[in-house]
Novice: 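Sharing a structure here in structure tokens format.
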Amino acid sequence: MQAPLFRDPIYDGATDPTLIYNRAAGEWWLVYTSRRATAEGPGVAWVHGSDLGVASSADGGRTWVYRGTLSGLDFEWGRNTFWAPEIVWHDGIYHMYVSYIQGVRTDWSGPRTIVHYTSADLLDWRLQGPLRLSSDRVIDVCVHEKPGGGFRMWYKDEGNGSATYAADSDDLYEWKPVGAALAHRGHEGPNVFRFKGSYWMIVDEWRGQGVFRSDDLESWEPQGLILDESGLRDDDAGFGHHADVVVSGDEAYIFYFTHPGRSQTEAGGKAGYEQRRSSVQAARLEVRDGRLVCDRNEVFELNLKAE
């Protein structure tokens, strides 16, 4: 297995990966926040002003080539910020939900919104509008079909203790907030998937990925951490951050990013390119004795199947 799986060749700041199968091209796309790790500037300006980068794979995810950034997303003038895309396919349409911040900020202030786009080909995106959710500081969306019909969305609500909040929809366009889903501690990056007969949610707790299991997408049972210890592969040091999971046939693969240059720093400093740069990695998931487990040092062959 190639490690790291991918590094952004422009800014070297690939984070928040999401994977989607491009049906027209017959290839997998990795869409991610393209942080500007090489950019100098005050504060956390390098985290802002980010586009959504794209890499593609025609061999089931074993190798990736950088393709550029998604265009046509801006709906107001200026250099703005796009974070953490979520893309789902339903009834012939791709739906993308992305965190949006106006401008390039040097701190963590200001409102944050989830914006909805649709596309038939992953290239030409039509704005459907910002969503009205539980506060004006919401980021990091994931979406999954509900067992009884309709859809549920989970997201980080920084206006409510950085907990995971949820919203429901019948059609992926109109969303109604339904309250907190996980509020055990501050976290971000929820991702929900079904594997081996259960629903699972992973969240980035900044100490590894918190794991939760559910039978109904309503109540969640905590099951500890994965990706909480450094791996041995190239650039796989430190915690695994903001992850996406693809269930492909009988296998499940987790895609996450690392800040390998921070692994030897006491407080995870962010000054300088080496501590800002990031790499995308992949590992295989298993369920053993009813618990989700991940050996990030396992030797395996990634094989994402066509959808």
Novice: Does the salt bridge (Lys or Arg N to Asp or Glu O under 4.0 Å) test come out yes or no for Glu174 and Arg132, once each step is laid out?
Specialist: CA-CA 9 Å; Glu174 300 293 329; Arg132 294 184 178 181; over 6 Å; no
Novice: Are any side-chain N or O atoms of Asp51 and backbone N or O atoms of Gly53, one a donor and one an acceptor, separated by less than 3.5 Å?
Specialist: no
Novice: Ignoring hydrogens and angles, tell me if any N or O in the side chain of Glu205 forms a donor-acceptor pair with the backbone of Gly208 under 3.5 Å.
Specialist: no
Novice: Do Thr118 and Arg126 have side-chain N/O donor and acceptor atoms under 3.5 Å apart?
Specialist: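 Per modelled atom types, Thr118 and Arg126 side chains form no pair under 3.5 Å.
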Novice: State whether the side chain of Arg296 and the backbone N or O of Asp228 hold a donor-acceptor pair below 3.5 Å, judged by distance alone.
Specialist: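 Not a single qualifying donor-acceptor pair exists.
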Novice: Between the side chains of Tyr253 and Asn303, is a donor N or O closer than 3.5 angstrom to an acceptor N or O?
Specialist: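 There is no such pair (donor and acceptor under 3.5 Å, judged by atom type) between the side chains of Tyr253 and Asn303.
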Novice: Looking at Asp121 and Asp124, would you say the former's side chain and the latter's main chain have a donor-acceptor pair under 3.5 Å?
Specialist: yes
Novice: Roughly how far, to the nearest 0.5 Å, is the CH2 atom of Trp28 from the CD atom of Glu307?
Specialist: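 The CD atom of Glu307 sits 3.5 Å away from the CH2 atom of Trp28.
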Novice: If you group Ile, Leu, Val, Met, Phe, Trp and Tyr by side-chain heavy-atom gaps below 4.5 Å, do Leu30 and Leu52 land in one group?
Specialist: no
Novice: Supply the atom-to-atom distance Leu123 CG to Leu70 CG, rounded to the nearest 0.5 angstrom.
Specialist: 7.5 Å
Novice: So, for Trp83 and His48, is the gap between ring centers shorter than 6.0 Å?
Specialist: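 Trp83 vs His48: aromatic centres under 6.0 Å.
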Novice: When you measure from the side chain of Arg105 to the backbone N and O of Trp108, does any donor-acceptor pair fall under 3.5 Å?
Specialist: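 Not at all, since once roles are kept as given, no pair shorter than 3.5 Å links the two residues.
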Novice: Establish, yes or no, whether a centroid distance under 6.0 Å links the rings of His144 and Tyr199.
Specialist: yes
Novice: Taking the six-membered ring of Trp220 (Phe, Tyr or Trp), confirm whether the NZ or CZ of Arg213 is under 6.0 Å from its centre and within 45° of its axis.
Specialist: no
Novice: Under 4.5 Å between any side-chain heavy atoms of Trp154 and Val141, yes or no?
Specialist: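 The answer is no, as the side chains (C-beta and beyond) never meet within the 4.5 Å cut-off.
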Novice: Any chance you could lay out the salt bridge (Lys or Arg N to Asp or Glu O under 4.0 Å) test for Arg152 and Glu218, step after step, and finish with the verdict?
Specialist: CA-CA 10 Å; Arg152 176 154 291 184; Glu218 298 288 345; 3.2 Å; yes
Novice: Taking the six-membered ring for Trp and the full ring for Phe, Tyr or His, determine whether the centres of Phe82 and Tyr100 are under 6.0 Å apart.
Specialist: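 Distance test on ring centres: under 6.0 Å, yes.
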Novice: Before you tell me yes or no, could you show the steps for Asp157 and Arg137 under salt bridge (Lys or Arg N to Asp or Glu O under 4.0 Å), namely the whole-Å CA-CA distance, both residues' side-chain angles and the distance that decides it to 0.1 Å?
Specialist: CA-CA 6 Å; Asp157 189 338; Arg137 287 183 61 85; over 6 Å; no
Novice: Strictly distance-based, threshold 3.5 Å: is any side-chain N or O of Thr258 a donor or acceptor partner for the main-chain N or O of Gly240?
Specialist: no
Novice: Other residues, nucleotides and ligands only: do more than 12 of their heavy atoms fall within 6.0 Å of CG on Asp250?
Specialist: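 Open.
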Novice: Within this structure, what is the CG-NE2 distance for the pair Asp16 and His242, rounded to the nearest 0.5 Å?
Specialist: 4.5 Å
Novice: Would you find a donor on one side and an acceptor on the other, under 3.5 Å apart, between the side chain of Thr33 and the backbone of Ala84?
Specialist: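 Yes, because the side chain of Thr33 sits within donor-acceptor range (under 3.5 Å) of the backbone of Ala84.
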Novice: Hydrophobic clusters here meaning ILVMFWY residues chained together by side-chain heavy-atom distances under 4.5 Å, can you tell me if Val115 and Leu122 are in one?
Specialist: yes
Novice: Is the Trp64 to Phe6 ring centre distance short of 6.0 Å?
Specialist: no
Novice: So, Arg112 side chain and Ser99 main chain: donor-acceptor pair closer than 3.5 Å or not?
Specialist: no
Novice: Is atom CD of Gln102 surrounded by more than 12 heavy atoms (other residues, nucleotides or ligands) closer than 6.0 Å?
Specialist: no
Novice: Kindly say whether Val211 contributes a backbone atom to a donor-acceptor pair with the side chain of Trp200 at under 3.5 angstrom?
Specialist: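 Side chain of Trp200 to backbone of Val211, a donor-acceptor pair under 3.5 Å: no, none is there.
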Novice: Side-chain heavy atoms nearer than 4.5 Å, only ILVMFWY residues, links allowed to pass through others: does that put Val44 and Ile139 together?
Specialist: yes
Novice: In Å, rounded to the nearest 0.5 Å, how long is the span from CD1 of Ile202 to CG of Asn191?
Specialist: 5.0 Å
Novice: Evaluate salt bridge (Lys or Arg N to Asp or Glu O under 4.0 Å) for Glu286 paired with Arg284, printing each intermediate quantity in order.
Specialist: CA-CA 7 Å; Glu286 292 184 285; Arg284 199 170 68 92; 3.4 Å; yes
Novice: Is the shortest side-chain heavy-atom distance between Leu304 and Ser57 below 4.5 Å?
Specialist: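 Answer no - side chains too far apart.
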Novice: Would you kindly say whether His187 and Thr164 are connected by a side-chain donor-acceptor distance under 3.5 Å?
Specialist: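 There is such a pair (donor and acceptor under 3.5 Å, judged by atom type) between the side chains of His187 and Thr164.
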Novice: Between Arg207 and Glu229, is there a salt bridge with N-O shorter than 4.0 Å?
Specialist: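 No, Glu229 and Arg207 are not salt-bridged.
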Novice: Same cluster or not: Tyr94 versus Leu73, using hydrophobic residues (I, L, V, M, F, W, Y) connected whenever any side-chain heavy atoms lie under 4.5 Å apart?
Specialist: yes
Novice: Can we say Glu274 and Arg276 salt-bridge, meaning some charged N sits less than 4.0 Å from an Asp/Glu carboxylate O?
Specialist: no
Novice: Only one of Tyr173, Phe151, Trp125, Tyr117 passes ring-ring contact (aromatic ring centres under 6.0 Å, His included) with His95; say which it is.
Specialist: Tyr173
Novice: If I take atom NE2 from residue His241 and atom OG from residue Ser279, how far apart are they, to the nearest 0.5 angstrom?
Specialist: 11.5 Å
Novice: Trp29 and Val88: same hydrophobic cluster, using ILVMFWY side-chain contacts below 4.5 Å?
Specialist: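 Different hydrophobic clusters.
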Novice: With rounding to the nearest 0.5 Å, note down the distance linking CZ in Arg35 to CZ in Arg277.
Specialist: 14.0 Å
Novice: Side chains of Glu86 and Met153: does their closest heavy-atom pair fall under 4.5 Å?
Specialist: no
Novice: Got a donor-acceptor contact below 3.5 angstrom from the Arg7 side chain to the Ser278 backbone?
Specialist: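 It does not hold such a pair.
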Novice: Applying side-chain contact (heavy atoms from CB on, under 4.5 Å), run through Glu301 and Arg62 and close with a yes or a no.
Specialist: CA-CA 7 Å; Glu301 183 176 282; Arg62 289 181 285 276; 3.8 Å; yes
Novice: Would you say the side-chain atoms of Asp204 and Tyr256 include a donor-acceptor pair closer than 3.5 Å?
Specialist: no
Novice: Are the charged groups of Arg67 and Glu27 less than 4.0 angstrom apart, N to O?
Specialist: yes
